[in-house]
Visitor: 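The structure under discussion is supplied below as structure tokens; questions concerning it will follow.
Every chain is numbered from 1, with letters handed out A, B, ... down the list of sequences. Given the structure is predicted, the values throughout are model-derived calculations rather than measurements.
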There are 2 protein chains.
Amino acid sequence: MPNQFNKLPIVIDASYLKPNVTSDMIASRKEKISQIDGQLRSGNHPGSDFTGWMKPDQILSADEMSRLKATAKRLRDETDVLLVIGIGGSYLGARAVIEALADDPDKVVYAGHNISAHYMTRLKKQLAGKRVAINVISKSGTTTEPAIASRIMRKLAASSKHIVATTDSKKGALLQLAKTEGYETFVVPDNIGGRYSVLSAVGLLPVAYAGVDIDALVSGAAKCAGLCSNADPISNPAYFYAAARNVLYHQGFSIEMLASFEPRLHFMAEWWKQLYGESEGKENMAIFPASVDFTTDLHSMGQYIQEGRRILAETFLIIDGGEPSLKIPTDADDSDGLGYLAGKEVSYVNSKAYEATAKAHRDGGVPNMTIHLEKLDAYSLGALIYFFEIACAVGGLMLGVNPFDQPGVEAYKKEMFKLLGKPGFESAEDQCLEPKFVHF
Amino acid sequence: MPNQFNKLPIVIDASYLKPNVTSDMIASRKEKISQIDGQLRSGNHPGSDFTGWMKPDQILSADEMSRLKATAKRLRDETDVLLVIGIGGSYLGARAVIEALADDPDKVVYAGHNISAHYMTRLKKQLAGKRVAINVISKSGTTTEPAIASRIMRKLAASSKHIVATTDSKKGALLQLAKTEGYETFVVPDNIGGRYSVLSAVGLLPVAYAGVDIDALVSGAAKCAGLCSNADPISNPAYFYAAARNVLYHQGFSIEMLASFEPRLHFMAEWWKQLYGESEGKENMAIFPASVDFTTDLHSMGQYIQEGRRILAETFLIIDGGEPSLKIPTDADDSDGLGYLAGKEVSYVNSKAYEATAKAHRDGGVPNMTIHLEKLDAYSLGALIYFFEIACAVGGLMLGVNPFDQPGVEAYKKEMFKLLGKPGFESAEDQCLEPKFVHF
């Protein structure tokens, strides 16, 4: 392994990008990327007010970090479960880390990320009789989904000491409510957008409650920030990833699938989909981010990937080591034909399934690369988070869009406010929607 | 509502397919579809040995159905949890129905659908101390993933009376094992492929264990089979759906997203992805099936859908009624600005979110249609299952592929068997994979 990566727990294997992507094509992006890197570091680019995430260990002050850990510990000691109320960037990063790393991810549950009466009714039943802590996460406090869930669920907390608000530092409905009710508060930073906020208090409080080592998480990210600060896409793996995606996109690959072989990475892929889809999907451009959980989805989406329309590229997210030992038992009756695997580690078989899949998909016309994580722990996952964030920022700027805004998210909200008669959104039109037709 | 649909709990709203899809375009598919319909009903088409699902109420005999219900009841009475061991079509249909309809979906858990040591280790811990029933579902009994899980997990059942095998009626490893060990068995029919098997014993036993009314499920499907037997795509909603997808595909729409506003439909979308991806994704063709859970994913994928590359079409899956009553509480302090919704039903707000989203996405260039379900119960869901199955069969035949095979799924398996040294798959080559490179 080249020296320049010897401290980064991430390695990219790009051998199956060939022949679609060559080193010459990556090198052809070098000047552009170097320019973007300079802009990012000097704050001279669209969205330059939103790069607070680039210094992961400076997002919270030491004092704030201590207070956050103390609060997480107190809530953990005094309650059975944490209910996180937030949507999009206000919950997805925390959930991704918790599902990937927590010993018991079920100690954290979620609301405010949908408008389902069925979901909330069932959740209320599940929480009955439990000591519930609540973390409401919303910069404004007026986002419809979490505001509804907050009204319905807040009463489940035993006392206001078990409710924490993560919100704007100076203004807004949730800050006001917190002051009135005496909730402890943490800050949603002004210079970090939702989808980049997992290493701020937005993500760290729920993650700490779940028992994950948030110092290691942040320090992995900070290490990655240091090691991925080289502007050359051939030697900087994050910029290599950005360059390779850009090449694939311009060759007409419409879809990038993030594929893992570990179910506990499912929500990392969901987080990745928001990060890339929301950062790049503008001005009628960008690769559509999709995800698959293998080998599960080899038995559902596998046929399409192998032989369907050739518009797919694939990025494998692979854990190289540190998985629990679990051996395939010997069976005197070998009728299942599995005897050749008896005594083998399940993780060994899984790693061969990955290698076989990467080869089969390449052979079927799906260019793919692999992001190898040394192992899945807080340090490595922190590094991976930063890796994806910086590559995404560079990728969006390569497309010429602002990777830190999300103007399109307002469209459905505006229509919804009209339909619901929200003050200020009343429509002069009789009816926003055409009458409903069967067929046409 | 036209009379011909008055007993079908499904209505399609196609108004937002315009201007991309017009009734003339649908009508232009009429002759082709009529021909395919004739072939399907006379068994004169590729894959004609695999249409057993077309008569949903004849898949199981009355005696088999009674035995299945009795077994489900006995297992339910004698155990706390059912572990389903299966992959792809051998578990996804059951899971889709259980998550959508069961009062307590957590009474059924899953293994054999991945090769994760972490997943299986955690699951074993969760099951410790519980009375576990096991349903191993595999036609051959030699599929790698369920065979591994079966070896590891089988011992968790208290006795062989709590293990049921759903497998081939005449031969195979699992049938042999069941005979040796004295497991009760149910049949994976010869004339129904995995992804179409949810209404056979494959799906029905777990679904019955979960407490869902399987008679209603089957009778909804049978009703739909009767009502969707008209060959005209203008008046048969299933054929309309097939025709509309075909038009969109030929216009260059590469991705169809199935979008619901109910989290409990998440696995119905996963089932749908297998059904369509595996049936159609052949010979470098077909729409890529993706799914989103709204409003959750409006805050992650919403930006891309609204403004990204214009290759998306969308199908909403909407529940029109019967949702639980849950009202948005009044709050004296109206700082969250939600006062205009106080006293309103959450399901009402959700329905407006859907209407707003459909309009916003149409305005943003995403043609979309909506499949309305009268309500979400076993009868309606059974109808929906058949609706999707028949539309998929017709859609695949319109593309000119066999919608009942899945040759591409073997590709990764062959590579994996080589790498693992499975007898009969040894490779003469030193190494199947190229050496691993960092970058290139």
Visitor: Is chain B contacted by the side chain of Lys155(A), its backbone, both, or neither, given a heavy-atom distance below 4.5 Å?
Guide: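 For Lys155(A), the side chain is the part near chain B, not the backbone.
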Visitor: Quick one: does any side-chain atom of Glu415(A) pair with a main-chain N or O of Lys359(B) as donor and acceptor, under 3.5 Å?
Guide: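 Side chain of Glu415(A) to backbone of Lys359(B), a donor-acceptor pair under 3.5 Å: no, none is there.
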Visitor: Please identify each residue that fulfils side-chain hydrogen bond (donor to acceptor under 3.5 Å, both in side chains) with Tyr276(A), with sequence neighbours left out.
Guide: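 side-chain hydrogen bond (donor to acceptor under 3.5 Å, both in side chains) check on Tyr276(A) returns nothing, list empty.
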Visitor: Could you tell me which of Pro289(A), Gly172(A), Gly141(A) has the largest number of non-hydrogen atom pairs under 4.5 Å with chain B?
Guide: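 Between Pro289(A), Gly172(A), Gly141(A), the count favours Pro289(A).
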Visitor: Identify which part of Ser279(A) has an atom lying under 4.5 Å from any heavy atom of chain B, answering side chain, backbone, both or neither.
Guide: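 Neither; nothing under 4.5 Å.
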Visitor: If I measure from the heavy atoms of chain B, does Asp104(A) come under 4.5 Å with its side chain, its backbone, both, or neither?
Guide: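 No part of it gets close to chain B.
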Visitor: Under a 4.5 Å heavy-atom cut-off, does chain B meet the side chain of Asp293(A), its backbone, both or neither?
Guide: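 Contact with chain B: none, neither part.
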Visitor: Pick one of side chain, backbone, both or neither for Gln303(A), based on which atoms fall under 4.5 Å of a heavy atom in chain B.
Guide: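 For Gln303(A), the contact with chain B is made by backbone and side chain together.
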Visitor: Checking side-chain polar atoms at under 3.5 Å, does Ser116(B) have a donor or acceptor matched by the opposite partner on Glu262(A)?
Guide: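 The criterion, which ignores hydrogens and geometry beyond distance, is satisfied for Glu262(A) and Ser116(B).
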Visitor: With sequence neighbours excluded, what pairs up with Thr295(A) under the side-chain hydrogen bond (donor to acceptor under 3.5 Å, both in side chains) test?
Guide: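 With neighbours one apart ignored, the set is Glu145(B).
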Visitor: Do Thr296(B) and His113(A) pass the side-chain contact (heavy atoms from CB on, under 4.5 Å) test, and can you show the C-alpha distance, the side-chain angles, and the key distance before you say yes or no?
Guide: CA-CA 5 Å; Thr296(B) 304; His113(A) 61 318; 4.0 Å; yes
Visitor: Examine whether an atom of Leu174(A) lies under 4.5 Å from a heavy atom of chain B, and if so say whether it belongs to the side chain, the backbone or both; otherwise answer neither.
Guide: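 For Leu174(A), there is no contact with chain B at all, as no heavy atom is under 4.5 Å.
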Visitor: Measure Glu323(A) against the heavy atoms of chain B and call it side chain, backbone, both or neither at under 4.5 Å.
Guide: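 Only the side chain of Glu323(A) comes within 4.5 Å of chain B.
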Visitor: Report which part of Ile148(A) has an atom under 4.5 Å of a heavy atom belonging to chain B: side chain, backbone, both, or neither.
Guide: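 Contact with chain B is through both the backbone and side chain of Ile148(A).
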Visitor: Counting only non-hydrogen atoms closer than 4.5 Å, does Ala290(A) touch chain B with its backbone (N, CA, C, O), its side chain (CB onward), both, or neither?
Guide: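 The side chain, not the backbone.
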Visitor: At a heavy-atom separation under 4.5 Å, does Met285(A) approach chain B through its side chain, its backbone, both, or neither?
Guide: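 The answer is the backbone of Met285(A).
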Visitor: Heavy-atom distance under 4.5 Å to chain B: side chain of Lys124(A), backbone, both or neither?
Guide: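 Contact with chain B involves the side chain of Lys124(A) alone.
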Visitor: Which answer fits Ile287(A), side chain, backbone, both or neither, if we ask what part of it has an atom under 4.5 Å from a heavy atom of chain B?
Guide: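 For Ile287(A), the backbone is the part near chain B, not the side chain.
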Visitor: With a 4.5 angstrom heavy-atom cut-off, is it the side chain or the backbone of Arg195(A) that approaches chain B, or both, or neither?
Guide: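 No part of Arg195(A) comes within 4.5 Å of chain B.
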Visitor: Looking at Asp334(A) and Arg151(B), is any side-chain nitrogen of the basic one under 4.0 Å from a carboxylate oxygen of the acidic one?
Guide: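 Here Arg151(B) pairs with Asp334(A) in a salt bridge, since their nearest N and O are under 4.0 Å apart.
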Visitor: Relative to chain B, which of Met120(A), Glu410(A), Arg122(A) shows the most heavy atom pairs under 4.5 Å?
Guide: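 When all of Met120(A), Glu410(A), Arg122(A) are compared, Arg122(A) has the most.
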Visitor: Could you check if a side-chain atom of Ile152(A) sits within less than 4.5 angstrom of a side-chain atom of Val346(B), using non-hydrogen atoms only?
Guide: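 Of all side-chain heavy-atom pairs linking Val346(B) with Ile152(A), at least one is under 4.5 Å.
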Visitor: So for Leu420(A), is it side chain, backbone, both, or neither that comes closer than 4.5 Å to the heavy atoms of chain B?
Guide: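 Answer is both: backbone and side chain atoms of Leu420(A) are under 4.5 Å from chain B.
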Visitor: Using side-chain heavy atoms (C-beta onward) and a distance below 4.5 Å, is Ile255(B) in contact with Phe288(A)?
Guide: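 Counting from C-beta outward, Ile255(B) and Phe288(A) do come under 4.5 Å.
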Visitor: Between Tyr91(A) and His299(B), do the side chains contain an N or O donor and an N or O acceptor separated by less than 3.5 Å?
Guide: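 Checked: Tyr91(A)/His299(B) side chains show no N/O donor-acceptor pair below 3.5 Å.
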